[in-house]
> 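This structure is in structure tokens; I'll ask about it shortly.
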Amino acid sequence: MSLLTLENVTLTFGGVVAVDNVSFHVGEGEVFALVGPNGAGKSTIFNLISRFYNPVKGDIRFESNSILKRRADQIPTLGIARTFQNIELFEQSTVLQNLLVGRQIHARNGLFSQMIFSPSVRDEERRHRAVVEEVIDFLELQPYRDKYIAGLPYGVRKIVELGRALATEPKMLLLDEPASGLSVEETQDMIFWIEDIKKQMGITVLMVEHDMNLVSSVSDRVLALADGKELAIGTPKEVQSHPEVIAAYLGTSIAEEQ
Amino acid sequence: MDYSQLIVSGLANGCVYGLIALGFVLVYKATEAVNFAQGDFMMLGACIVIWLTNGDSLGISFWLAVPLTIVIMAVLGYFLDLLVVRRLFGQPQIAVVILTIAIGFILRFGVGAIWGHEPRLLETPFVGKNLQFGSVVLGFEEGAVIIVTLALALALYVFFKHSKLGKAMQAASQNQLAAYYVGIPVKNIQSLVWALAGVVAAVSGILFASKGAIDPSTGLLGIKAFAAAVIGGFGSLPGAIIGGLIIGLVEPFAAYALPAGYSQLAPYAIMLLVLIFRPAGLFAQMQKKKV
């Protein structure tokens, strides 16, 4: 069954067509990767799903309902969590606090009972904490639990952001370049985690990634984009050997024209 | 000379400065802009409560007028952000600074045009009553100011520590993009922060009006409160209150010990000293425990 569907989505900035009539769907439990050279429109598609941009044409559906009527802050409550290419964390808070903020969409008590810290609020906080601790164990973040983000190395921040997304207990995870800036070992860890997220947690993953090793190890299907247009869709192998994809990356099409 | 009297009146004044400074810090933390009209907000809150409750105007019961003033100021703060300040979203900070200075002028002269420029006193039920502790005679108003300030500070502490809304405000102040991504309606939260700044302004205005005369230029003491916020480390809520108390305490002692003219400089001299020796303020934002 298809969890996320994009249908003829087009986005323009002035005269520039950033996303040109793109359609694809991501099935439940699938790991789906968007690849393509810089400026292909990959992150723009993420920002469309995240509702930072409004498409000029087309529809985006999640669990068969259009999300175009939702505001950006309502997207996580639908079950879509996201990480950013340039890491957006609460820098002056600890790792634990960052993950706990991810739980707030599940907070159910009223303002007054929260302020007097009533027994039901305390119970709820314990449950949030339990979920967060599971995420910390899963991503092996124990040594950093009470450290401030501002003092953490890049690779760890990247994992904390993944942790915050997981703490929201999403149905779908959008990963914007999960391996960028990571060392070889850290990328290897990321591959294992994405596999576990898919297999153990049953979370659907949509990602943008340049590291073809990571893409071909974890993705079920890949969509290649260039200049906002779809080039090819299929298994990682099929897409990697597709002549138009190779042309887009290496620019041979221009050479042929000449 | 009995210093305890100076201390008590200094603490009471300091509480009002601290509350105005709290308003500065709230808006600054949430929107990274300084609301230079916070002092005038306080003046407006004071004038509204006087208008509601004084015998020569509406004459509503004091106990009804107080919550009403707080609600009016909260609504005003909310819509000021929604309709005016939000339009500068994404503009340089200086634009918001100029805007809030202008709002301050409008409030000052608007209030003068409506209610006149004469200083007026708030008629409270406890006017003229005193509390005596040994040799210290404490005006009822001064005691109330200190108690209400402590209660409000405590309520805000609990609000930011435990409530979802309070945490959302802190999250939105640290990273707007990330805040969206954990489900926080950032723009709406910013309007609510302005509403909260309105509430704090109303409370400080009511307290100030209960212990001294109010006229439209009273809001200019916001400058002293600004110094208090800087001393406390612009961004720390407890720092704002403590900065206010420091200035409140320094004033009467400076007036007592120094010739007139020099004593008014004391709060700013302290601010300069703090900026030289602890540029981030006494309670810098990057501390282990923060509210």
Side-chain angles (χ1 to χ4, degrees), chain A residues 46-47 50-52 70-84 86-94 97-118 121-122 124-125 128 146 148-151 160-161 164-165 167-168 170 174 176, chain B residues 25 28-30 32 74 89-90 151-192 195-196 199 233-237 239 280-281 283-291:
Chain A
F46 267 34
N47 287 336
S50 308
R51 301 288 301 115
F52 282 130
R70 305 281 184 160
R71 295 192 313 265
D73 59 275
Q74 293 171 326
I75 297 302
T77 57
L78 294 176
I80 303 178
R82 166 175 188 179
T83 67
F84 291 84
N86 296 320
I87 307 184
E88 303 291 345
L89 287 165
F90 303 110
E91 300 241 328
Q92 271 129 56
S93 306
T94 64
Q97 286 167 340
N98 266 276
L99 299 193
L100 281 169
V101 168
R103 297 293 308 159
Q104 289 294 320
I105 55 166
H106 298 292
R108 289 291 167 264
N109 283 283
L111 178 64
F112 182 72
S113 47
Q114 285 173 349
M115 282 185 69
I116 60 168
F117 211 42
S118 71
V121 173
R122 262 174 274 175
E124 197 182 275
E125 289 289 330
H128 292 330
D146 296 313
Y148 282 88
I149 302 299
V160 173
E161 213 192 13
R164 188 183 59 197
T168 66
L174 308 183
D176 198 348
Chain B
V25 172
Y28 177 72
K29 271 181 81 99
E32 295 188 333
F89 204 75
L152 186 65
L154 186 70
L156 283 174
Y157 173 79
V158 175
F159 173 75
F160 281 112
K161 187 158 168 57
H162 290 311
S163 81
K164 182 177 173 180
L165 184 57
K167 287 177 200 166
M169 285 178 181
Q170 294 178 71
S173 82
Q174 284 191 27
N175 186 332
Q176 296 180 350
L177 210 52
Y180 269 118
Y181 263 77
V182 290
I184 296 168
V186 174
K187 287 186 174 178
N188 195 28
I189 289 286
Q190 294 197 338
S191 298
L192 286 173
L196 190 59
V199 168
F234 224 109
S236 155
L237 297 179
F283 294 80
Q285 215 176 0
M286 289 293 295
Q287 269 194 333
K288 189 109 186 78
K289 179 83 189 152
K290 62 188 271 296
V291 176

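We use all heavy atoms of the structure for the numbers below, so side chains are in, but hydrogens, waters and symmetry mates are not. Lettering follows sequence order; numbering is per chain, from 1. A quick note: this is a predicted structure, and the numbers were derived from the prediction, not measured.
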> Please identify each residue that fulfils ring-ring contact (aromatic ring centres under 6.0 Å, His included) with A:Phe84, with sequence neighbours left out.
B:Tyr181

> If you tally heavy-atom pairs under 4.5 Å against chain B, which of A:Thr94, A:Thr83, A:Leu89, A:Ile75 wins?
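Going by pairs under 4.5 Å, I would pick A:Leu89.
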
> Backbone N or O of B:Gln170 within a donor-acceptor pair of the B:Lys29 side chain at under 3.5 Å?
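Not at all, since once roles are kept as given, no pair shorter than 3.5 Å links the two residues.
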
> For A:Gln74, is it the side chain, the backbone, both, or neither that has a heavy atom closer than 4.5 Å to a heavy atom of chain B?
neither

> What part of A:Phe90 is in contact with chain B, defined as an atom under 4.5 angstrom from a non-hydrogen atom: side chain, backbone, both or neither?
both

> Indicate whether any N or O donor in one side chain lies under 3.5 Å from an N or O acceptor in the other, for B:Asn188 and A:Arg71.
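Looking only at side-chain atoms, A:Arg71 and B:Asn188 do not form any donor-acceptor pair under 3.5 Å.
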
> Can you tell me which portion of A:Ser113 sits under 4.5 Å from chain B's heavy atoms? Options are side chain, backbone, both or neither.
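Neither part.
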
> For the rings on B:Tyr180 and A:Phe52, is their centre-to-centre separation under 6.0 Å?
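Between A:Phe52 and B:Tyr180, which both carry aromatic rings, the centre distance is below 6.0 Å.
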
> Can you tell which of A:Glu161, A:Arg51, A:Glu88 has the highest number of heavy-atom pairs within less than 4.5 Å of chain B?
A:Glu88

> Quick check for you: among A:Val101, A:Leu100, A:Thr77, A:Ile87, which has the greatest number of heavy-atom pairs under 4.5 Å with chain B?
A:Val101

> Determine the minimum heavy-atom distance between B:Val25 and B:Ser236, stating which atoms define it.
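Shortest heavy-atom separation between B:Val25 and B:Ser236 comes out as CG1-N, 3.8 Å.
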
> What residue among B:Leu192, B:Ile184, B:Leu196 forms side-chain contact (heavy atoms from CB on, under 4.5 Å) with B:Leu165?
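With B:Leu165 as partner, B:Leu192, B:Ile184, B:Leu196 yield a single side-chain contact (heavy atoms from CB on, under 4.5 Å), made by B:Leu192.
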
> In terms of heavy-atom proximity below 4.5 Å to chain B, should A:Arg164 be classed as side chain, backbone, both, or neither?
side chain

> Against chain B, label A:Glu125 side chain, backbone, both or neither, depending on which of its atoms sit under 4.5 Å from a heavy atom there.
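Answer is side chain: those atoms of A:Glu125 sit under 4.5 Å from chain B.
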
> Under a 4.5 Å heavy-atom cut-off, does chain A meet the side chain of B:Lys167, its backbone, both or neither?
side chain

> Any idea which heavy atoms bring B:Ala179 and B:Val186 closest together, and the distance?
CB-CG2, 3.8 Å

